[in-house]
Number of protein chains: 2
Amino acid sequence: MTADSFAVHSMTVSRGERYGAACGGNVACQDCSLHQLCLPVGLDSEDLERLDRIIRRRRPLRRGEYLFRAGDPLRAVYAVRSGSIKTYTCSSEGDEHVTGFHLPGELIGLGAIATGVYPRSARALETSSVCEVAYEGLEDLSMKIRGLQRQLLRLMSREIHHDETMMVLLGGMAAEGRLAALLSNIAARVGERGFSPHAFRLSMSRNDIGSYLGLAVETVSRLFTRLQAEGLLNVQRKQVMIRDPDRLRRLAGVCVDGLPPPR
Amino acid sequence: MTADSFAVHSMTVSRGERYGAACGGNVACQDCSLHQLCLPVGLDSEDLERLDRIIRRRRPLRRGEYLFRAGDPLRAVYAVRSGSIKTYTCSSEGDEHVTGFHLPGELIGLGAIATGVYPRSARALETSSVCEVAYEGLEDLSMKIRGLQRQLLRLMSREIHHDETMMVLLGGMAAEGRLAALLSNIAARVGERGFSPHAFRLSMSRNDIGSYLGLAVETVSRLFTRLQAEGLLNVQRKQVMIRDPDRLRRLAGVCVDGLPPPR
DNA sequence: TGCCGGCATTGACGCAGATCAATAAAAACG
DNA sequence: CGTTTTTATTGATCTGCGTCAATGCCGGCA
């Protein structure tokens with residue numbers, strides 16, 4: 001295979017929008033290419049305007065910058081607009097454990113609603129921008145806009161479901177299955193966002209992957225090598241090309257995400 | 001220690017209510033001893049009546065009976081009223097993987113909201129009763145009652161947080177820490193419900209515990225024996241008495257649930 | 001452009017926990 | 001009650017993956 005079959009999908013600002021293009025980075029939800037994945041699902045343009053009023057678009061974060069830290073008081077939940085964000089906890093000894101990778105259109109900070117305090121820290125994996133959704137405003141507005149309430153509940157439910165799936169994965173699957181599941185899952189999410197699910201760039205390090213999957217870095221590395229040797233994918237550094245999606249999903253068991261059994 | 005230091009806390013209908021006592025088991029939320037844990041938190045009595053109208057109390061389930069099955073369409077979420085319920089998925093080969101144990105006051109079925117279909121099955125671990133909360137009604141009513149919306153969001157957020165904690169546990173801790181965390185967590189929840197957090201009866205089998213924690217039954221059994229030998233607890237079959245809660249929590253690491261570091 | 005520091009890969013080795021197998025102790029049931 | 005079935009415990013063995021260690025590679029920076 002040739003080098004350029006690895007298409008680099010930067011995911012940094014999708015489909016023709018550009019940060020700061022028209023109005024200092026304030027692309028309204030109306031015009032956002034993610035609006036069929038994110039909070040705006042099912043809202044008419046009047047409601048979208050109301051939603052826009054509680055949202056602030058912040059300057060992009062650079063790789064490694066914090067979006068918030070565990071222990072900060074909840075003021076907003078965040079929708080990823082471009083790039084990607086990881087969330088993680090630090091154990092008492094200081095080693096971090098990754099709890100999630102978040103792609104454009106996904107909400108971050110939902111775990112803070114119960115206590116009013118973010119239980120995890122969140123940092124950018126690459127240059128990323130987010131929409132800051134004032135939480136008070138969101139609570140208010142979703143009392144007034146049925147579609148917004150629906151979508152908020154749906155997104156929270158989806159997160160519950162996803163986390164449970166991860167529990168099953170971590171509790172029940174061997175290392176190979178875990179990595180296969182993660183890759184299949186990322187592929188699917190990349191696909192939903194309009195990019196090729198077969199070739200993408202992993203924005204997180206091997207360390208992050210290992211931490212998320214409960215594996216040692218070395219194991220992750222070996223697995224990539226093995227999966228490549230078996231012809232399931234090509235990998236070189238962070239570039240991944242999936243050559244046999246079906247076989248990969250079968251390796252992952254039922255657990256890619258959700259119900260649909262592998263076949 | 002003597003046999004009767006193992007107080008059996010049946011948890012079956014708390015504090016003087018009895019199924020069928022006054023009106024065929026229909027204890028109103030107003031009079032339910034769980035109302036400071038469950039959906040009613042923060043509602044006045046007028047709102048409680050409205051909530052009551054979308055709730056149906058069903059006949060108790062017996063051990064092993066299904067509350068719902070994975071794949072069933074979502075019609076209601078359920079609040080445990082007495083007893084305990086487990087939720088689990090079945091892998092393609094038929095072996096089940098437990099995703100949660102649910103005590104009185106906890107909500108079940110929140111993972112179904114995203115897709116409209118329950119992603120897991122739910123069965124009673126012992127004789128248990130639940131309140132069936134019509135989901136349509138709940139959506140409607142939480143648009144009208146701010147406190148209800150708040151509490152629903154809070155409960156969902158708590159579940160997200162709990163599941164993430166489990167991910168950290170399963171991904172990062174050794175077998176002993178996992179069991180210690182589960183026991184500490186159950187102890188805390190039993191305590192919140194007004195019972196002694198030091199002596200309780202596990203309603204689930206060793207198999208269920210193993211499945212939930214990602215361990216073989218044999219390992220679970222050995223761990224109980226070991227923890228007992230080390231003087232952390234006494235166990236005989238399902239009766240557990242925690243002798244050194246602090247040391248147990250320290251074994252569990254940060255991960256019992258949530259922020260508060262172990263000391 | 002060349003040096004440096006972090007990230008990734010590969011190999012060797014040991015151990016925690018899975019698996020297999022047997023027994024014991026409770027429940028379940030007629 | 002005695003019989004059967006399920007559940008729990010304990011022991012012996014085996015193995016997947018963690019750990020340690022060494023090397024290679026890329027990207028950043030002067």
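Scope of the values below: all heavy atoms of this structure, side chains included, with no hydrogens, waters or symmetry mates. Given the structure is predicted, the values throughout are model-derived calculations rather than measurements. Just so it is clear: chains get the letters A, B, ... in the order the sequence lines come, proteins before strands, and each one is counted from 1.
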Are there any protein N/O atoms within less than 3.5 Å of an N/O atom in nucleotides 28-30 of chain D, and if so, which ones and at what distance?
none

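- Atom CG of D95(B) and atom C1' of dT19(C) are 15 Å apart (whole Å).
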What string of B, S and - do you get for nucleotides 9-24 of chain D, 5' to 3', when a contact is any protein heavy atom under 4.0 Å? BBBB----SSBBB---

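- In this structure a side-chain-to-backbone donor-acceptor pair under 3.5 Å is present from H97(B) to S211(B).
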Evaluate the side chain to side chain contact (heavy atoms under 4.5 Å, CB included) criterion for residues L183(A) and L232(A): first the C-alpha distance (whole Å), next the side-chain angles of each, then the deciding distance (0.1 Å), finally the verdict. CA-CA 11 Å; L183(A) 291 174; L232(A) 288 176; over 6 Å; no

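- Looking at T165(A), its side chain does come within 3.5 Å of a backbone N or O of H161(A) through a donor-acceptor pair.
- In this structure, R120(A) fails the cation-pi test against Y88(A), since its NZ or CZ atom is not both closer than 6.0 Å to the six-membered ring centre and inside 45 degrees of the ring normal.
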Could you go through L110(B) and V77(B), starting from their C-alpha distance and side-chain angles, then the distance that decides it, and tell me whether this counts as side chain to side chain contact (heavy atoms under 4.5 Å, CB included)? CA-CA 7 Å; L110(B) 299 174; V77(B) 296; 4.1 Å; yes

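- What separates CG of N207(A) from C1' of dT9(C) is a distance of 13 Å, to the nearest Å.
- Rounded to whole Å, atom C1' of dC26(D) lies 13 Å from atom CZ of R201(A).
- In this structure, the NZ atom of K238(A) is 10 Å from the C1' atom of dA8(C), given to the nearest Å.
- A donor-acceptor distance shorter than 3.5 angstrom exists from the side chain of R123(B) to the backbone of G64(B), with no hydrogens or angles considered.
- Cation-pi geometry between R206(B) and F224(B) is met: the NZ or CZ atom falls under 6.0 Å from the ring centre, inside 45° of the normal.
- Note: CG (L202(A)) to P (dC7(C)) measures 16 Å, nearest angstrom.
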The test is side chain to side chain contact (heavy atoms under 4.5 Å, CB included); show your working for T99(A) and V168(B) and say whether it passes. CA-CA 7 Å; T99(A) 52; V168(B) 174; 3.7 Å; yes

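- Mapping M204(A) and R63(B) onto DNA chain C by nearest heavy atom places M204(A) closer to the 5' end of the strand.
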